[in-house]
> 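Here it is, the structure, as structure tokens.
In this chain, numbering begins with 1 at the start of the sequence shown.
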Amino acid sequence: MMAAGFFPVGIPVTASPFQHYFRRFTTRVVRWWEQNRPYPVRKKWSSLPPVRSLATPGPTLLVLTTPPMLDESAWCAWSWARYLGNSFRVVVASDGGLPSRFQEIKSILPDAEITQAAAIAQAGDPGHIHLAAFLSGHPLGRKLAAILALQKSQDLLFFDSDVLALAPPVSLLAMIARRQPCFNQESQPAAYDWEIVEAGRQLGLSPCDRLNSGLLYIPKNSLDAGLADRLLAGRSSPAISWFTEQTVLAFLMHAAGAQPLPPERYVVSNDRMFWWQEDIDYAAVDARHFTGMTRHLLYMRGYPHLRGSAASRLLKK
């Protein structure tokens, strides 16, 4: 939410009067340009050095994407596979069709499996009617169903395609070693579907604190699909909330004893949403989820950072 003059609510404006008015009349224009201008770096992932991963069934690193986000999924999967590929197989799943170009991801991830989200989701338990209705009737239904289906038979490390590993993910690796469920944590108040929150409270349950579902580590069979079905049964509004899937996962992960990753190292924030704000220090974090408000930074800062680290890695060999 923004105040008049396009300033985020709660952020004090300490600029001079001239700076204040300059920001006011340039913020919208600059933001539009940063969000919509072409970024050739998006397609530069094909020059990344190939990374091997498990080529047999086993613990799974799943990147969920859509056809328009093909390039983002390649960057994301590569960034995590270089640290985790020796213990996880890599799966890139497209939700909404599978253009042939997806197979090009194998040039940098030769062991990756390229598939459709629907194929994974449909392998889930068909006996849960509310979950099945959510799968078929909500834009994020296949995301929830795919996560629930895969975690039944294997350890699952899940990523949205706009989550990048920027340095060795030490805390995440430690959680995985202990088989401790964990998640990315929002820096803002919880982004939840409050009908699901109320349904959970009626069941005597609580959600995780500010869970962001872009990064999840789920040990095998940790999540209860039956509980997801009961939570979804409590939703009465025909309007679509974009946070229903995230809220259901917040309850399921809490029931599984999940813990947040250190938010100062695994960042979900709106820092540098506007041109005049300070960005994070990319050398001081392990990962960032570049959510919609900061998507331009994925191209301006995230990918260049990865290309630089990939070049450094090659020079050390």
> Would you check if N212 and Q185 make a side-chain contact, meaning some heavy-atom pair closer than 4.5 Å?
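SC-SC contact between N212 and Q185 ruled out.
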> Rounded to the nearest 0.5 Å, how far does CD of Q259 lie from CD of Q180?
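Going from the CD atom of Q180 to the CD atom of Q259 covers 4.0 Å.
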> Would I280 end up clustered with L306 when hydrophobic side chains under 4.5 Å apart are linked, directly or stepwise?
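Linked, I280 and L306 end up in one cluster.
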> In Å and rounded to the nearest 0.5 Å, what is the CE to SG distance from M69 to C76?
9.0 Å
> Is R288 close enough and on-axis enough to F290, meaning under 6.0 Å and within 45°, for cation-pi?
yes
> Determine whether L156 and L216 make a side-chain contact, defined as any pair of heavy atoms from C-beta on separated by less than 4.5 Å.
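When only atoms from C-beta onward are counted, L216 and L156 do not touch, as no gap falls below 4.5 Å.
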> Could you tell me whether the side chains of Y282 and D279 share a donor-acceptor contact shorter than 3.5 Å?
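Yes, a side-chain donor-acceptor pair sits under 3.5 Å.
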> In the single-linkage hydrophobic clustering (I, L, V, M, F, W, Y; side-chain heavy atoms under 4.5 Å), do L172 and L54 co-cluster?
no
> May I have the list of side-chain donor-acceptor pairs in residues 135-148 shorter than 3.5 Å, sequence neighbours left out?
residue: S136; atom: OG; partner: A132; partner atom: O; Å: 3.3
residue: S136; atom: OG; partner: A133; partner atom: O; Å: 3.2
residue: H138; atom: ND1; partner: L140; partner atom: N; Å: 2.9
residue: H138; atom: NE2; partner: S241; partner atom: O; Å: 2.8
residue: R142; atom: NE; partner: D95; partner atom: OD1; Å: 2.5
residue: R142; atom: NH2; partner: D95; partner atom: OD1; Å: 3.1
residue: K143; atom: NZ; partner: D160; partner atom: OD1; Å: 3.2
residue: K143; atom: NZ; partner: D160; partner atom: OD2; Å: 3.3
residue: K143; atom: NZ; partner: S213; partner atom: O; Å: 3.4
residue: K143; atom: NZ; partner: S213; partner atom: OG; Å: 3.0
residue: K143; atom: NZ; partner: E245; partner atom: OE2; Å: 3.3

> Any luck finding a side-chain donor-acceptor pair between Y299 and E72 under 3.5 Å?
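A pair is found: one side chain offers a donor N or O, the other an acceptor, under 3.5 Å apart.
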> Which pairs, with at least one residue in residues 153-175 and sequence neighbours excluded, count as a ring pair (Phe, Tyr, Trp, His ring centres under 6.0 Å)?
W80-F159
> I need the F25 CZ to R23 CZ distance, nearest 0.5 Å.
14.5 Å
> Other members of the hydrophobic cluster containing W33, with the 4.5 Å side-chain heavy-atom rule, please.
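ILVMFWY cluster around W33 also holds W32.
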> Would you call the rings of F22 and W275 parallel, tilted or perpendicular, taking 30° and 60° as the class edges?
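Because their plane-to-plane angle is over 60°, the rings of F22 and W275 count as perpendicular.
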> If the plane angle is over 60° it's perpendicular, under 30° parallel, otherwise tilted; pick one for W75 and Y303.
parallel
> If you define the side chain from C-beta out and look only at heavy atoms, does anything of L205 sit under 4.5 Å from L227?
yes
> If you round to the nearest 0.5 Å, how far is NZ of K220 from CD of Q151?
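These two atoms lie 10.5 Å from each other.
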> What's the spacing between I114 CD1 and S94 OG if we round to 0.5 Å?
10.0 Å
> Rounded to the nearest 0.5 Å, what separates atom OG in S73 from atom CG in D162?
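Reported value, rounded in 0.5 Å steps: 11.0 Å.
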